[in-house]
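So the structure is just underneath, and the comments pick up after that.
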Amino acid sequence: MDIMRVSQLLNPTLREVPAEAEVISHQLMVRAGLIRKSASGFYTYLPLGLRVLRKIETIVREEMDNTGGQELLMPIMQPAELWKESGRWDVYGDELMRLKDRHNREFCLGPTHEEIITDLIRGEVRSYKQLPLLLYQIQNKYRDERRPRFGLMRGREFVMKDLYSFDRDEAGLAESYQKMYDAYCRIFARCGLAYRAVEADAGAIGGTGGTHEFMVLADSGENAVVYCPGCSYAANVEKAECRPQVIEDVSPKGQRTLVFTPKVKTIEALSEFLSVPKTTLVKSLLYQGDEKLFLVLIRGDRALNEIKLNNALGGFVSLQLASPEDVEKVLGCEPGSVGPVDVPEGLMVVADEEVPLMKKSVCGANKADYHFVDAVPSVDFRIDQVLDLRMMEPGEACLKCGTPLKEARGIEVGQVFKLGTKYSKAFGATYLDLNGEEKFCVMGCYGVGVSRSIAASIEQNHDDYGIIWPMPIAPYQCIIVPVSTKDELVVETAEKLYLELKRLGVEVVLDDRDERAGVKFKDADLVGYPLRVTIGSKTLANGQVELRERKTGETQLILVEEVVKQVKTMIEQALSF
RNA sequence: CGGGGCAUAGCGCAGCUUGGCUAGCGCGCCUGCCUUGGGAGCAGGAGGCCGGGGGUUCGAAUCCCUCUGCCCCGACCA
């Protein structure tokens with residue numbers, strides 16, 4: 001039996017923190033010799049890093065198979081035609097990695113695989129008898145991120161499990177969705193991740209039904225989530241529904257008045273200049289959605305949620321603040337003086353729910369250095385649509401139970417979507433039902449960020465010395481450290497224990513390097529092996545070795561003949577959940 | 001894509017302002033001695049197109065132009 005010796009293992013550990021790594025998981029992955037960067041957002045997995053990746057893949061695969069999923073493998077490179085058919089060739093924008101073959105035919109590297117799978121299914125599924133169908137793959141994905149960051153957390157190439165469900169109807173979809181939701185809970189629990197499923201926005205994947213994101217709570221997370229300490233409610237702030245909050249009206253009484261506000265161009269400055277709270281101000285923003293311009297109103301103390309705005313208005317490909325030139329052209333002033341009073345007839349005015357509740361307000365006058373005070377919504381200015389457009393703030397009451405919500409950061413490691421018939425309609429993926437009627441497949445899609453989960457796990461499981469792998473995803477479960485390479489009994493015992501452990505199916509490595517004990521200990525802690533068996537001359541004289549748990553730091557002296565059994569027991573315990 | 005920063009040995013950095021001999025330091029690496037329970041010590045050694053290209057100059061890591069790559073903040077985004 002071959003021995004995995006650390007002396008031969010390609011596991012280049014670093015003492016110093018690489019300058020390029022910002023977050024702890026990235027630093028530790030590089031320092032522990034798990035990954036090396038190839039280009040921004042592209043990484044090579046070194047042997048230990050790959051073992052972790054494979055372990056997570058295995059857990060995901062087991063859970064998918066147990067849920068009735070069938071694994072297949074779709075191409076990374078996809079023809080442009082399919083993307084044009086779904087309309088996403090244009091929608092996806094610069095994030096899509098595009099390329100051409102020698103015949104100048106267009107392709108992209110798949111950021112996701114709805115097009116391919118739906119194209120497949122429309123050709124293969126004819127009858128309701130073939131449904132439901134749960135198909136998945138674990139495959140590399142490509143997104144030309146504007147800003148790849150934090151190592152594996154946001155790369156341009158990453159490993160993802162994506163499953164697509166095809167059902168006869170909404171009820172079937174609901175069942176598939178629930179199955180996947182439950183499977184995801186098991187996956188992340190098995191990976192040792194503290195996660196939270198939150199209500200989310202569907203984004204560019206689209207779809208009509210609900211969607212949940214699985215968030216690993218960590219300070220370095222890129223998503224803000226709100227959650228309720230009192231009940232199960234949790235949501236991405238992008239999604240979190242708000243109820244309008246009525247603020248006591250403290251603005252001065254009187255008719256709408258034009259006041260001179262020299263050089264006042266921001267909410268902050270206006271509030272200060274007039275000595276009124278921001279809650280009495282109306283923030284007016286001219287937005288451009290694709291070719292269309294419209295005015296958005298929101299209370300001065302609130303932040304606009306562009307995602308809600310875009311969803312409410314039907315989904316623009318691009319949505320952004322209008323340029324100062326457009327503001328000048330449409331309203332005749334600069335952006336700092338925009339207001340809703342007497343705007344052109346054709347300009348649509350949408351307002352957050354809180355705006356109509358303001359009895360009087362202060363707003364821009366579309367004239368440099370002037371604002372209106374005591375402008376009454378719907379009287380002094382027109383509102384065409386009232387919508388929930390603001391960003392939820394921590395401390396607001398939970399919609400379900402009233403408890404003040406809290407905010408946390410999360411790393412999105414999974415998302416489940418109800419797609420409905422968006423893609424089956426675009427591709428004509430239909431089947432014949434019991435009555436011989438042609439129906440569209442009802443679809444769902446479900447992703448797990450496999451490579452990102454590695455980073456997420458480290459964010460949650462580390463200390464000052466290095467990584468602390470949860471047993472189920474550790475690259476190896478145990479490391480044997482002979483303290484001396486000269487003491488023959490120590491060396492022999494180490495090799496003997498190695499072989500015994502391996503025979504029992506324990507994933508084990510032997511640190512046979514001719515290094516001082518301290519070096520080996522530091523590396524073992526850095527890499528994060530859950531268990532360490534230390535063999536030194538002194539304890540061995542009493543027939544004992546040391547067994548140490550990385551997570552707790554607890555060590556116990558054990559008789560040589562008992563340690564193997566003890567290791568095996570501890571691993572089994574750690575793997576059961 | 002806007003703003004900022006960086007690029008010198010495998011890693012971390014100094015040198016550049018004010019151009020000048022063979023370009024330095026720490027860690028790591030190789031050899032030997034010594035050491036072996038928390039990143040030891042001594043001695044010797046290898047390793048650099050100073051990111052690429054162009055320019056100024058007798059002379060460029062250093063000054064100028066340009067390109068590229070990388071990092072951070074923002075915007076954006078499944």
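Just the heavy atoms: all of them, side chains too, but no hydrogens, waters or symmetry mates, feed the values below. Throughout, protein chains are lettered first and strands after them, A, B, ... in sequence-line order, and every chain is numbered starting at 1. In this text, all values refer to a predicted model and were calculated from it rather than measured experimentally.
Set against rC70(B), rG26(B), rG38(B), the side chain of Glu16(A) has rG26(B) as its closest nucleotide. Here the nucleotide nearest the side chain of Arg516(A), chosen from rA40(B), rG38(B), rC70(B), is rA40(B). The nucleotide whose nearest atom lies closest to any side-chain atom of Arg149(A) is, among rC73(B), rC11(B), rG37(B), rC73(B). Comparing rC13(B), rG38(B), rC72(B) against the side chain of Arg147(A) picks out rC72(B) as the nearest. Distance from the side chain of Asp514(A) is smallest for rU36(B) among the nucleotides rG37(B), rC13(B), rU36(B). The Lys37(A) side chain lies nearest to rC70(B) when the options are rG74(B), rG37(B), rC70(B).
As rounded to whole Å, 10 Å separates atom P of rC70(B) from atom CD of Glu20(A). When the P atom of rU35(B) is taken as reference, atom NZ of Lys486(A) falls 10 Å away, rounded to whole Å. Residue Glu95(A) contributes atom CD, which lies 13 Å from atom C1' of rA75(B) at whole-angstrom precision. Remark: P of rG10(B) and CG of Leu10(A) are 16 Å apart, rounded to the nearest angstrom. Distance CZ (Arg146(A)) to C1' (rG3(B)): 15 Å, rounded to an integer number of Å. Rounding to whole angstrom units, CZ of residue Phe42(A) and C1' of rG69(B) are separated by 14 Å. Rounding to whole angstrom units, CZ of residue Arg154(A) and P of rC77(B) are separated by 11 Å. Atom CE of Met153(A) is separated from atom P of rC71(B) by 14 Å (rounded to the nearest Å).
Residue contacts for Asp94(A): at a heavy-atom cut-off of 4.0 Å it reaches no nucleic acid atom on any strand shown. Heavy atoms of Asp525(A) sit under 4.0 angstrom from at least one base atom. Note on Ser537(A): nothing from the nucleic acid sits closer than 4.0 angstrom, heavy atoms only. At the heavy-atom level, Arg532(A) lies under 4.0 Å from base atoms of the strands shown. Residue Glu238(A) is classed as having no contact, given no heavy-atom separation below 4.0 Å to the nucleic acid. Within 4.0 Å (heavy atoms only), Val17(A) reaches sugar-phosphate atoms of the nucleic acid but no base atom. Lys520(A) comes within contact range of no nucleotide atom at all, as no heavy-atom separation falls under 4.0 Å.
Annotation: rA75(B) and rG20(B) have their C1' atoms spaced 48 Å apart (nearest Å). Look at the C1' atom in both rG26(B) and rG3(B): the space between them is 34 Å, to the nearest Å. Taking atom P in both rC16(B) and rG51(B), one finds a spacing of 15 Å when rounded to whole Å. If you take atom C1' in rG12(B) and the same atom in rC73(B), they sit 24 Å apart, rounded to whole Å. As rounded to the nearest Å, rG59(B) and rG54(B) have P atoms that lie 15 Å from one another. rA43(B) sits 11 Å from rC34(B) when the C1' atoms are compared, rounded to a whole Å. Between rA23(B) and rG53(B), the two C1' atoms lie 23 Å apart (nearest whole Å). Comparing rA9(B) with rA14(B), their C1' atoms sit 14 Å apart, to the nearest whole Å.
Of the options Asn140(A), Ile56(A), Val60(A), Leu152(A), a side chain to side chain contact (heavy atoms under 4.5 Å, CB included) to Val159(A) is made by Asn140(A) and by none of the others.
For the OP1/OP2 pair of rG28(B) and a distance below 4.0 Å, the side-chain nitrogens and oxygens of Arg15(A) include at least one atom meeting the criterion. Dashed line: the shortest gap from a side-chain N or O of Ser40(A) to OP1 or OP2 of rC71(B) is under 4.0 Å.
Of the two residues contacting RNA chain B, namely Pro18(A) and Ala21(A), the nearest-nucleotide position lying further toward the 5' end is that of Pro18(A). Each of Ser484(A) and Val519(A) was matched to the nucleotide of RNA chain B holding its nearest heavy atom; the match closer to the 5' end belongs to Ser484(A).
In this structure the side chain of Arg302(A) reaches within 4.5 angstrom of the side chain of Glu393(A), judged on heavy atoms. Contact check for Ile187(A) versus Lys161(A): no side-chain heavy atoms found under the 4.5 Å cut-off.
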| request: Test salt bridge (Lys or Arg N to Asp or Glu O under 4.0 Å) on Arg146(A) and Glu95(A) and set out the steps. | output: CA-CA 7 Å; Arg146(A) 289 183 177 200; Glu95(A) 200 146 308; 5.9 Å; no

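Residue side chain Glu515(A) does not reach the base of rG39(B) through any donor-acceptor N/O pair under 3.5 Å, judged by distance alone. Taking 3.5 Å as the limit, the base of rG39(B) and the side chain of Arg513(A) contain no donor-acceptor pair of atoms between them.
Within the shown strands, nothing qualifies as a pairing partner of rU17(B) under the Watson-Crick or G-U definition with both distances less than 3.5 Å. The base-pairing partner of rG41(B), taking Watson-Crick or G-U wobble contacts with both distances under 3.5 Å, is rC33(B). Pair check for rC25(B) finds rG12(B); Watson-Crick or G-U wobble, both atom distances under 3.5 Å. Base-pair partner of rC70(B): rG5(B) (Watson-Crick or G-U wobble, both distances under 3.5 Å).
Salt bridge status for Asp301(A) with Arg390(A): absent, with no side-chain N to carboxylate O gap under 4.0 Å. Using a 4.0 Å cut-off between charged nitrogen and carboxylate oxygen, Asp144(A) and Arg156(A) count as a salt-bridge pair. Under the 4.0 Å criterion applied to side-chain N and carboxylate O atoms, Glu241(A) and Lys308(A) are not assigned as salt-bridge partners. Ionic pairing of Lys239(A) and Glu213(A) is not present here: no N-O contact between side-chain nitrogen and carboxylate oxygen is shorter than 4.0 angstrom.
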